[in-house]
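Please read these numbers as outputs of a predicted model, since none were measured by experiment.
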Amino acid sequence: MAVVLPDGSELTVPAGSTIEDVAYEIGPGLGADTVAGKIDGELMERHAEVSDGDRVEIVTDQSDEYLRVLRHSAAHVFAQALTRLYPDAKLTIGPPTDEGFYYDVAGVDLDENDLAAIEDEMESILDADYDIERSVRSREDAARIYADNEYKREILEEEAAGETVTFYEQGEFEDLCQGPHVESTGAIGAVTLLNISASYWRGDEDNETLTRVYGTAFERESDLEEYLEMRAAAEERDHRKIGQEMNLFSIPTVTGPGLPLYHPPGKTVLNELSGFADRLNRENGYEEVETPHVFRTELWKRSGHYENYKDDMFLLDVNDEEYGLKPMNCPGHATIFDQQSWSYRDLPKRYFENGKVYRKEQRGELSGLSRVWSFTIDDGHLFVRPDQIRAEIESVIEMIFEVVETLGLDVEVALATRPEKSVGGDEIWESAETQLREVLDAGSYDYDVEPGDGAFYGPKIDFGFEDALGRVWDGPTVQLDFNMPDRFGLTYTGEDNEEHQPVMIHRALYGSYERFFMVLIEHFDGNFPFWLAPEQVRILPVSDDTLGYAHRVKNALAEAGIRVDVEDRDWTVGRKIRQGHDDRLPYMVIVGEDEADAGTVSVRDRFENQRGDVDLDAFVDHLVAERDQKRVEPDFIAE
RNA sequence: GCCGGGGUAGCUCAGCUGGCAGAGCGAUUCCUUCGUAAGGAAUAGGUCGAGGGUUCAAAUCCCUCUUCCGGCUCCA
């Protein structure tokens, strides 16, 4: 039989060959270095058998996947150390992740103070350099070994397919595991435990709570140090920290959880964002509407939100009648559409609202601006004929990419399909999902499919952004909805003079302003592009003698619509500059006697570039252009 | 909602094996009028998240609540 190698060539090997055999077939050096392999892209143990036609890739300590293998082994080292210190601990699963590994355990009560001792034990296991050896046992033997561990027995029963299972041994420790692993514990150069939390057995909240310990491992100590420094740097970019430093927003305890307050500088940024969205909406034929924050629950019974999300809504009793704060804007917009009759010639109808919504999310979920109880969606709802669906979705995706590219963000695209809890028939869902998929394919966008992740009323395309710590959050979205128009009885008159049902498209360019703000703060580390910066320019007079000229310069900039202030505190110039950098200003303007006499300014940007003897009008012209073109970085001095 | 860790001056934090509530920054006042990343001095500033308990005595120990953080689960 033959397997296909990464370079596309075919290699003939005897039937029953393993990955390691394939490697030896390629060359004895490679065979000896083989740690694991990939069959059709899936990471496998090096003893795994290959089949005819498989795409086979050899993993050595030079491969990208090696780190994953090493971290899996590090998880075993953790388990070994834990078992030594806590013999009653029951191991469950301990996989590698993108950043490191975790191990879920039961039967122990750990807190963060216990990690240091476990880490010490792990170090000594690395030093001991135990060989990591694979062994094969019968399922009966394995079950006997795990007589006291119901979790491992459950894994044996449900997940181990064959009559035999594999174990990996290192020193006195062994663990049921499919591998692959590194040669010996000494191959793991550096290991650390990061934090401790809870998880549920098999990820089901009805199951027992397990203790999850997160850690990471590297080949070299220097790599670990680099990683820890990176993490520390990422923490510095945390939007909650920067939000405080730049006076953007606060979420005080007294106002209730997840209810952010925007301070003037924060609101300034939000206004710029909504202005940008206004322009895009106007250019794309949207009409702005406005709806109240509270409605009769009757409305959400009609839309289906009440049935699905009643427990997460803020409900009010008003004169013995139930009202609720709006968790979504779409029922309001559908109702507006329903207030008059429409011809097929009127469609598509595109409504838009910066609509504040309220959702009583689970308390443990709230986090800065990324998960909140009150947030504003730049919410658009399109009422379209079936033949208009594709063009409208394409247009929305173009608008989203205009935002993403203007700001230089990285975005992940995902198609989310029908969830378990959903309304509407099979054909409707099928058709909706197919159309979204076709648009994505036609535009040759890279995207993942997330089965079951759609909204209850329809499938959607989600656009995700990473925060400073690499967590992905949903931002922009396009959702196709055949169900809401049905529930609201929406119609238009067709060319045939018959009544037809329009299709609804829900869309948001930012998602929620709150979350998008979080993404921007962390992406730019608070160093907003000029057009977004709360304070765009600060004038620093060298001494009080030039305060008057400083104000004249300020007025000249303010007249051009620049957000500008004069630093008039009794400080040295050095101190003022220091503060200006701490405040993340795009530009500072220093004015002293020389500038006052010449009618010029001295400009300093956030990159510490400076240029003196600058003509004021030329500077203003540049700022206006930089603002209007939404350039990402201050470039007056660079240009 | 679940597990773990936190909440002390406007901000960042120390104090928490019980014994007079602290520092730096910021603010205010005074001195200084300064040329590209922190000039000097003085002063003010606190219901130690809230409530209850133990104690001669609680920021400190115990309980309840609240809120934040890290994960888990959830996310229209």
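Between Asp114(A) atom CG and rC3(B) atom P the separation is 17 Å, expressed in whole Å. As a whole-Å value, the separation of Gln479(A) CD from rC75(B) P is 13 Å. Between the C1' atom of rG35(B) and the CG atom of Asp594(A) lies a distance of 8 Å, rounded to the nearest Å. Between the CD atom of Glu245(A) and the P atom of rG10(B) there is a distance of 18 Å, given to the nearest Å. Following rounding to the nearest Å, Arg371(A) (CZ) and rC75(B) (C1') show an atom-to-atom distance of 4 Å. In this structure, Arg363(A) places its CZ atom 12 Å from P of rC65(B), rounding to the nearest Å. Taking atom CG of Asp206(A) as the reference point, atom P of rC2(B) lies 13 Å away to the nearest angstrom. We find that CD1 of Ile539(A) is positioned 15 Å from C1' of rU36(B), with the value rounded to whole Å.
Contact annotation for Lys460(A): backbone-only contact, meaning every heavy-atom pair under 4.0 Å involves sugar-phosphate atoms and none involves a base. As judged by a 4.0 angstrom heavy-atom cut-off over every strand, Asp474(A) is placed among residues making no nucleic acid contact. At a threshold of 4.0 angstrom between heavy atoms, the contacts of Pro327(A) include nucleobase atoms, whether or not backbone atoms are also involved. At a threshold of 4.0 angstrom between heavy atoms, the contacts of Val573(A) are confined to the sugar-phosphate backbone, with no base atom among them. The residue Arg569(A) sits close only to the backbone: its heavy atoms come under 4.0 Å of sugar-phosphate atoms, none of a base. Nucleic acid contact for Leu194(A): none, since no nucleic acid atom lies under 4.0 Å from a heavy atom of the residue. Nucleic acid contact class of Gln579(A) (heavy atoms, under 4.0 Å, all strands): none. Among the protein residues, Ser199(A) comes within range of the sugar-phosphate backbone only, with heavy atoms under 4.0 Å from sugar or phosphate atoms but none that close to a base. Heavy atoms of Gly458(A) sit nowhere under 4.0 angstrom from any nucleic acid atom. Residue Asn195(A) is in sugar-phosphate contact alone, with no base atom involved, counting any heavy-atom pair closer than 4.0 Å across all strands shown. Gly203(A) comes within 4.0 angstrom of the backbone, heavy atoms only, and of no base. Among the heavy atoms of the strands lying under 4.0 Å from Gly592(A) is at least one base atom, whether or not backbone atoms are also near. No engagement by Ser303(A) is indicated, since no non-hydrogen atom pair under 4.0 Å with the nucleic acid exists. If you check every strand for non-hydrogen atoms under 4.0 Å, Gly368(A) touches sugar and phosphate atoms only.
Counted by atom type alone, Glu514(A) and Ser370(A) present zero donor-acceptor pairs between their side chains at under 3.5 Å. Looking only at atom types and distance, the side chain of Glu208(A) has a donor-acceptor partner in the side chain of Tyr151(A) under 3.5 Å away.
Side-chain N/O atoms of Thr572(A) and base N/O atoms of rU33(B) include no donor-acceptor pair closer than 3.5 Å. Scanning atom types as modelled, no donor and acceptor separated by under 3.5 angstrom connect the side chain of Asp545(A) and the base of rU33(B). In the interface, the side chain of Glu595(A) is paired with the base of rG35(B) through a donor and an acceptor atom under 3.5 Å apart. With hydrogens and angles ignored, no donor-acceptor pair under 3.5 angstrom links the side chain of Tyr200(A) to the base of rG71(B). No hydrogens or angles were tested; on distance alone, a donor-acceptor pair under 3.5 Å links the side chain of Asp570(A) to the base of rC31(B).
Nucleotides rU36(B) and rC69(B), compared at atom C1', are 39 Å apart to the nearest Å. Taking atom C1' on both nucleotides, rA23(B) is separated from rA9(B) by 11 Å, rounded to a whole Å.
An OP1 or OP2 oxygen of rU36(B) is reached within less than 4.0 angstrom by no side-chain nitrogen or oxygen of Arg578(A).
Closest to the Trp571(A) side chain, of the nucleotides rC34(B), rA27(B), rU66(B), is rA27(B). With rG35(B), rC75(B), rG70(B) as the candidates, the nucleotide lying closest to the side chain of Tyr309(A) is rC75(B). When each of rU67(B), rG4(B), rG35(B) is scored by its nearest atom to the side-chain atoms of Thr253(A), the top-ranked nucleotide is rU67(B).
At distances below 3.5 Å, at least one donor-acceptor pair connects side-chain atoms of Arg611(A) with backbone N or O atoms of Phe636(A).
A salt bridge is absent between Asp379(A) and Arg507(A); no separation between the charged side-chain nitrogens and carboxylate oxygens falls under 4.0 Å. A salt bridge between Lys152(A) and Glu154(A) is absent, with no side-chain N of the basic residue lying under 4.0 Å from a carboxylate O of the acidic one.
Taking the side chain as every heavy atom from C-beta outward, Val289(A) and Phe352(A) never approach each other to under 4.5 Å. Counting heavy atoms from C-beta outward, Pro634(A) and Phe530(A) have side chains that stay 4.5 Å or more apart.
With both pairing distances under 3.5 Å, rU60(B) is matched to nothing as a Watson-Crick or G-U wobble pair. Under the Watson-Crick or G-U wobble criterion, with both distances below 3.5 Å, rU36(B) has no partner in any strand shown. Nucleotide rU17(B) is matched to nothing when pairs are restricted to Watson-Crick or G-U wobble geometry with both distances under 3.5 angstrom. Here rA42(B) sits opposite rU28(B) as a Watson-Crick or G-U wobble pair (both hydrogen-bonding atom distances under 3.5 Å). With both pairing distances under 3.5 Å, rC2(B) is matched to rG71(B) as a Watson-Crick or G-U wobble pair.
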- [ ] Indicate for each nucleotide in nucleotides 45-51 of chain B, in 5' to 3' sequence, whether protein heavy atoms under 4.0 Å reach the base (B), only the sugar-phosphate (S), or nothing (-).
- [x] -------

- [ ] Apply the test ring pair (Phe, Tyr, Trp, His ring centres under 6.0 Å) to residues Phe249(A) and His263(A): give CA-CA distance (whole Å), side-chain angles for both, the deciding distance (0.1 Å), then the verdict.
- [x] CA-CA 5 Å; Phe249(A) 66 91; His263(A) 301 198; 7.7 Å; no

Open item on the list: As a quick check of understanding, evaluate salt bridge (charged side-chain N to carboxylate O under 4.0 Å, His left out) for Arg515(A) and Asp474(A), giving each step before the final call.
Closed with: CA-CA 8 Å; Arg515(A) 186 174 288 175; Asp474(A) 280 341; 5.4 Å; no

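In this structure, Val603(A) and Arg575(A) both approach RNA chain B, and ranking their closest nucleotides by distance from the 5' end singles out Arg575(A).
By the ring pair (Phe, Tyr, Trp, His ring centres under 6.0 Å) test, Phe78(A) pairs with no residue at all, sequence neighbours left out.
Seen from the ring of Tyr102(A), Arg212(A) counts as a face-on cation partner, given the 6.0 Å and 45° thresholds.
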